[in-house]
Amino acid sequence: MLVVLRVKFPHVYEGTFFMYTILLPIVHLRMQKLSMDALGRKSVQEFKAATKHPIIVVLDNIRSMHNVGSIFRTCDAFLLEGICLCGYTPQPPHRDIQKTALGATETVDWMYMPETTTAITELKKLGYEIFAVEQAKGSIGLQQFSMAGNNKLAIILGNEVDGVSEEALSLCNGCIEIPQWGSKHSLNVSVAAGIVLWELVKQLQS
């Protein structure tokens, strides 16, 4: 198929204009969804054996099982090291977690700790730098945060209402803030997780 494009060009010497007709070929690409087989999905065994991105997600008293399941699924998508569930954050197995995790609780390694502060202390001993996703004084905008020099990172995600606890914040190396331009300045915790983790993994991949 050809499309007709008419362009007007000025004549250099006489100040007049000439119309030129250009015929351009148009290639139609038929968009088609990929089948499950074409996605190159890892099996549970392949996921477990794969080299992970050096990021651990710490959930600080998340109340919603659907949010927990969604974060599991995001961690699976980005091939992260694991998740640490803290406080009253729901733990697998549970059908309400499974509704949004869609099996990611079987692939992503996870652990439970009663106190988020204990989890942070133990992760620091293992060489992780700790950053909370929070709106706080001195926070670093996500667009300015750099993974350079951060070999191992733990990301703290806080409660849906209260955010990351003050006790946990006091132990963090810093805070990452997602820039927002609307009236709410509030994101669902699983949405925030997806935004931040995509940006971090994108940097690791570049």
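We count residues from 1, following the sequence as given.
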- Query: Taking a hydrophobic cluster as the set of Ile, Leu, Val, Met, Phe, Trp and Tyr residues connected by side-chain heavy atoms closer than 4.5 Å, whether directly or through intermediates, do L200 and I156 fall within one such cluster?
  - Reply: no
- Could you check V133, V196, L197, I83 and say which one makes a side chain to side chain contact (heavy atoms under 4.5 Å, CB included) with L157? V133
- Task: Measure across G69 and T100 and return the closest heavy-atom pair with its distance rounded to 0.1 Å.
- Result: CA-OG1, 3.2 Å
- Message: Whether the side chain of K152 engages the backbone of I55 through a donor-acceptor N/O pair (distance < 3.5 Å, no angle test) should be reported.
- Response: no
- Task: Identify the heavy atoms of H53 and F78 that sit nearest to each other, and give their distance.
- Result: ND1-O, 2.6 Å
- Which is it for S139 and E134 under the side-chain contact (heavy atoms from CB on, under 4.5 Å) test, yes or no, and what are the steps along the way? CA-CA 8 Å; S139 62; E134 191 57 89; over 6 Å; no
- Query: Rounded to the nearest 0.5 Å, how far apart are SG of C86 and OH of Y112?
  - Reply: 8.0 Å
- Task: Treating Ile, Leu, Val, Met, Phe, Trp and Tyr as nodes and any side-chain heavy-atom pair under 4.5 angstrom as an edge, say whether L142 and V57 lie in one connected cluster.
- Result: yes
- Task: Go through D109 and E81 one step at a time and tell me if the side-chain contact (heavy atoms from CB on, under 4.5 Å) criterion holds.
- Result: CA-CA 7 Å; D109 289 338; E81 281 190 356; over 6 Å; no
- Are the side chains of I130 and L123 in touch, meaning some heavy atoms are under 4.5 Å apart? yes
- Message: Which residues end up grouped with M36 if you chain together Ile, Leu, Val, Met, Phe, Trp and Tyr wherever their side-chain heavy atoms are less than 4.5 Å apart?
- Response: L34, L39
- Can you tell me how far the CD atom of Q143 sits from the CD1 atom of I176, to the nearest 0.5 Å? 11.0 Å
- Query: Under 3.5 Å, is there a donor-acceptor pair linking the side chains of D37 and S35?
  - Reply: no
Exercise answer: donor-acceptor pairs, residues 58-65 side-chain atoms, under 3.5 Å, sequence neighbours excluded:
residue : atom : partner : partner atom : Å
D60     : OD1  : T116    : OG1          : 2.7
D60     : OD2  : S165    : N            : 2.9
D60     : OD2  : S165    : OG           : 3.4
N61     : OD1  : Y88     : N            : 2.9
S64     : OG   : H66     : N            : 3.2
S64     : OG   : N67     : N            : 3.1

- Item | Partner set under salt bridge (Lys or Arg N to Asp or Glu O under 4.0 Å) for E167, not counting sequence neighbours | none
- Query: What pair of heavy atoms forms the shortest contact from I97 to P92, and how long is it?
  - Reply: CD1-N, 3.7 Å
- Item | Atom pair CD/CG of Q135 and L187 - distance to nearest 0.5 Å | 8.0 Å
- Task: Check whether more than 12 heavy atoms from other residues, nucleotides or ligands sit under 6.0 Å from atom CD of Q144, and answer yes or no.
- Result: yes
- Item | Co-membership, hydrophobic cluster, residues M147 and I56, 4.5 Å side-chain | no
- Is there a side-chain contact between L204 and P54 (heavy atoms, below 4.5 Å)? yes
- Pair F72-L85, side-chain contact (heavy atoms from CB on, under 4.5 Å): steps then yes or no: CA-CA 11 Å; F72 262 97; L85 309 175; 4.3 Å; yes
- Backbone N/O of S186 and side chain of Q180: donor-acceptor pair under 3.5 Å: yes
- Report the C-alpha distance between K125 and T121 in whole Å, list the side-chain angles of each, state the deciding distance to 0.1 Å, and finish with yes or no for side-chain contact (heavy atoms from CB on, under 4.5 Å). CA-CA 6 Å; K125 289 178 183 178; T121 301; 4.1 Å; yes
- Note on the structure: Scanning both residues in full, the closest heavy-atom pair of Q203 with F145 reads NE2-O, 2.8 Å
- Note on the structure: The reported gap from CD in E129 to CG in N173 (rounded to nearest 0.5 angstrom) is 5.0 Å
- Residue pairs passing the salt bridge (Lys or Arg N to Asp or Glu O under 4.0 Å) test with at least one member in residues 176-201, sequence neighbours excluded, are E199-K202
- Message: Counting only heavy atoms from other residues, nucleotides and ligands, does the tally under 6.0 Å from CD of E115 exceed 12?
- Response: no
- Message: Tell me every residue that passes side-chain hydrogen bond (donor to acceptor under 3.5 Å, both in side chains) with K42, counting only those two or more places apart in sequence or in another chain.
- Response: none
- Does a side-chain N-to-carboxylate-O contact under 4.0 Å join R73 and D76? no
- Task: Quick one: pull up CD1 in I120 and CE in M113 and give me the separation to the nearest 0.5 Å.
- Result: 11.0 Å
- Task: May I ask whether L153 and I140 are part of the same hydrophobic cluster, defined by side-chain heavy atoms of I, L, V, M, F, W, Y residues being less than 4.5 angstrom apart, directly or through others?
- Result: yes
- Flag side-chain contact, heavy atom, 4.5 Å: L169 against C175: yes
- Query: Can you name the ring-ring contact (aromatic ring centres under 6.0 Å, His included) partners of F47, sequence neighbours left out?
  - Reply: none
- Message: Between Y128 and M111, is there shared hydrophobic-cluster membership here, with clusters defined by ILVMFWY side-chain heavy atoms closer than 4.5 Å?
- Response: no
- Message: Looking at D96, is its backbone amide N or carbonyl O close enough to the side chain of H94 to form a donor-acceptor pair, meaning the two atoms are under 3.5 Å apart?
- Response: yes
